[in-house]
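Report on the following structure.
One is the number of the first residue; the rest follow in order along the sequence.
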Amino acid sequence: MIKDNTIASFFALVQGGLWERDVQLQQYGDIDYDEIMRLAEEQAVIGLVTAGLEHVNDIKVPKEIALQFIGQTLQLEQRNLAMNDFIREVIEIMGNGGINPVLIKGQGVAQCYDRPLWRSSGDVDLLLDDDNYRKGKILLNEISDTTPEEDLYSKEYIVTVNGWCLELHGSIRCGLTRRMDKALDAIKSEICNNNTIRFWDDNGVLVSLADVNNDIIIIFTHFVKHFYKGGLGMRQICDWCRLLWKYKDAIKIDKLEKCLHTMGLMSEWKAFGAFSVDYIGMPVEAMPFYSDKKKWHSNAERISSFIMEVGNFGHNRNLNYHGSRPYIFRKAISLGHRVGDLIRHARVFPLNSIRFFPRIIINGLRSAANGE
């Protein structure tokens with residue numbers, strides 16, 4: 001079991017790195033740096049913790065410890081530089097094929113950080129309208145290193161190109177309710193058909209990103225999906241906070257409020273907002289709809305416990321059965337995790353846990369039937 005002072009030290013360092021602010025660790029007593037390293041890797045925030053260690057001003061961090069974190073972060077930096085090169089190449093290849101993708105999540109939201117290269121990178125996700133999605137599948141199938149995988153409902157086409165995982169998205173659906181997915185379909189159409197985008201200059205190549213107000217919804221609904229369907233990590237919430245912070249003066253509050261009510265996610269927003277303020281130091285003035293009511297902070301504590309237990313994308317789940325058991329057995333275990341999580345989440349979001357349950361089960365059965 002992780003000691004409370006280790007968890008408190010970890011969150012303090014994440015805050016220091018996320019906001020480039022001073023960190024005091026003396027109050028937490030003896031620091032278990034090995035455990036903090038493990039948590040940082042598990043939660044995909046090694047760069048933030050390394051930056052946080054630079055801001056410790058009340059104790060001396062052992063040199064050998066600092067060097068371990070710096071070494072890991074330098075590797076992360078090199079990976080991000082290589083990923084940026086890959087994104088540039090993919091955008092040019094697709095552009096030559098008459099395909100105009102929008103980069104979502106990942107390296108796009110990394111540009112909201114003070115140190116973009118110190119954000120832990122994942123996959124490359126490209127959003128496309130229906131026509132470009134079909135063309136993109138044909139194009140990438142020709143250069144993929146592996147057999148592509150596709151989720152027909154969410155329109156996710158996953159390939160590996162030159163060792164990088166690349167996902168084409170024909171939608172941004174979360175599979176929680178039809179009402180929510182209908183709203184997300186409208187946002188996708190707005191991005192792709194009305195050209196509501198901004199740009200990131202990736203070393204000379206302009207990469208399209210979603211408009212800020214739509215990007216906020218994409219990031220938020222993506223991590224809500226992972227909260228309900230497998231495991232949520234700190235990095236995803238840090239992304240949300242940095243996006244909200246950087247563009248705090250550009251957010252259309254009325255549009256955001258209407259969208260959250262339409263999807264039925266205002267409770268999730270307020271609870272995760274309380275978590276962001278309480279645990280990772282999000283400035284209150286930059287968190288829309290923040291409430292200091294006790295219930296939201298109690299929910300934030302439960303969210304924290306779940307995140308620390310499950311890890312980024314379910315990192316701490318026992319997945320040893322994946323390589324040794326029949327497919328249907330693996331799907332049954334995954335379903336068991338989903339049901340257990342929903343029962344647990346009912347303490348935080350009772351109505352939505354019940355509302356989301358049928359859709360999660362239906363989508364799970366559909367995926368099993370399709371061999372996905």
Side-chain angles (χ1 to χ4, degrees), residues 41-47 75-94 99 101-113 116-128 132-133 136-137 139-141 143-175 184 188 191 200 202 205 207-210 215 218-227 229-240 242-243 310-315 317 319 322 367 372:
E41 292 177 332
E42 177 184 293
Q43 296 292 335
V45 290
I46 188 71
Q75 291 180 39
L76 173 61
E77 197 172 89
Q78 292 304 307
R79 173 180 166 80
N80 277 318
L81 287 169
M83 177 174 275
N84 291 348
D85 289 343
F86 173 69
I87 290 172
R88 190 164 59 251
E89 293 169 7
V90 167
I91 294 298
E92 290 179 330
I93 289 171
M94 298 188 82
I99 302 169
V102 176
L103 180 68
I104 56 174
K105 303 175 289 184
Q107 299 303 85
V109 76
Q111 308 315 306
C112 298
Y113 285 73
L117 296 178
W118 285 25
R119 175 195 176 271
S120 294
S121 54
D123 304 329
V124 176
D125 297 89
L126 300 176
L127 181 64
L128 304 156
N132 280 328
Y133 179 70
K137 288 196 298 181
L139 176 63
L140 293 183
N141 189 47
I143 61 174
S144 177
D145 304 336
T146 57
T147 302
E149 299 176 13
E150 184 173 18
D151 185 305
L152 298 177
Y153 174 74
S154 62
K155 296 184 180 178
E156 292 179 45
Y157 192 76
I158 305 171
V159 298
T160 302
V161 178
N162 297 332
W164 296 99
C165 182
L166 176 61
E167 297 186 13
L168 296 187
H169 294 267
S171 84
I172 48 174
R173 296 170 185 165
C174 291
L184 291 171
K188 178 249 181 174
I191 294 169
W200 162 44
D202 183 6
V205 172
V207 179
S208 299
L209 308 176
D215 208 6
I218 291 172
I219 298 293
F220 177 66
T221 54
H222 180 70
F223 77 65
V224 167
K225 177 184 76 171
H226 283 290
F227 177 74
K229 296 172 68 175
L232 170 64
M234 290 281 295
R235 182 190 64 186
Q236 296 163 284
I237 302 177
C238 289
D239 284 353
W240 180 53
R242 286 302 312 188
L243 184 64
V310 176
N312 191 45
F313 294 114
H315 180 280
R317 300 283 197 199
L319 301 179
H322 267 231
S367 295
E372 298 169 353

Donor-acceptor contact present, side-chain [X] to main-chain [Y], <3.5 Å:
X	Y	result
D145	G163	yes
K105	D215	no
R242	C112	yes
Q236	L232	no

State, to 0.1 Å, how close [X] and [Y] come at their nearest heavy-atom pair, and which atoms those are.
X	Y	result
Y133	L168	CE1-O, 3.7 Å
G175	Y153	CA-CE2, 4.2 Å
S144	V159	OG-CB, 3.6 Å
N132	L128	O-CD1, 3.8 Å
L209	G108	CD2-CA, 3.8 Å

Listed partners of R88 passing salt bridge (Lys or Arg N to Asp or Glu O under 4.0 Å), at least two apart: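 By the salt bridge (Lys or Arg N to Asp or Glu O under 4.0 Å) rule, R88 matches D85, D202.
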To the closest 0.5 Å, what do you measure between [atom1] ([X]) and [atom2] ([Y])?
X	Y	atom1	atom2	answer
T160	I143	OG1	CD1	11.5 Å
E42	M234	CD	CE	11.5 Å
L76	M83	CG	CE	10.0 Å
S120	Q43	OG	CD	10.5 Å
I219	I237	CD1	CD1	12.0 Å
I172	K225	CD1	NZ	10.5 Å

Quick one: does [X]'s side chain get under 4.5 Å of [Y]'s, heavy atoms only?
X	Y	result
I158	L166	no
L126	E167	no
S121	R79	yes
I91	P101	yes

E149 atom CD: more than 12 heavy-atom contacts under 6.0 Å: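 Open.
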Pair K137 + E150, salt bridge at N-O below 4.0 Å: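 The answer is yes: the pair qualifies as a salt bridge.
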Salt bridge D239-R119, side-chain N to carboxylate O under 4.0 Å: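 Salt bridge: yes.
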F86 and W164 aromatic ring geometry - parallel, tilted or perpendicular at 30°/60° bounds: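 The arrangement is parallel - the two ring planes meet at less than 30°.
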Qualifying residues under ring pair (Phe, Tyr, Trp, His ring centres under 6.0 Å), relative to Y113, sequence neighbours excluded: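 Result, ring pair (Phe, Tyr, Trp, His ring centres under 6.0 Å) vs Y113: none returned.
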Any residue meeting ring pair (Phe, Tyr, Trp, His ring centres under 6.0 Å) with W200, in chain and number order, not counting sequence neighbours: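 Here no residue qualifies.
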S154 versus D151, side-chain donor and acceptor atoms under 3.5 Å: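 Present: a donor and an acceptor within the cut-off.
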Criterion side-chain contact (heavy atoms from CB on, under 4.5 Å) on Q78 and L117, from CA distance to verdict: CA-CA 8 Å; Q78 292 304 307; L117 296 178; over 6 Å; no
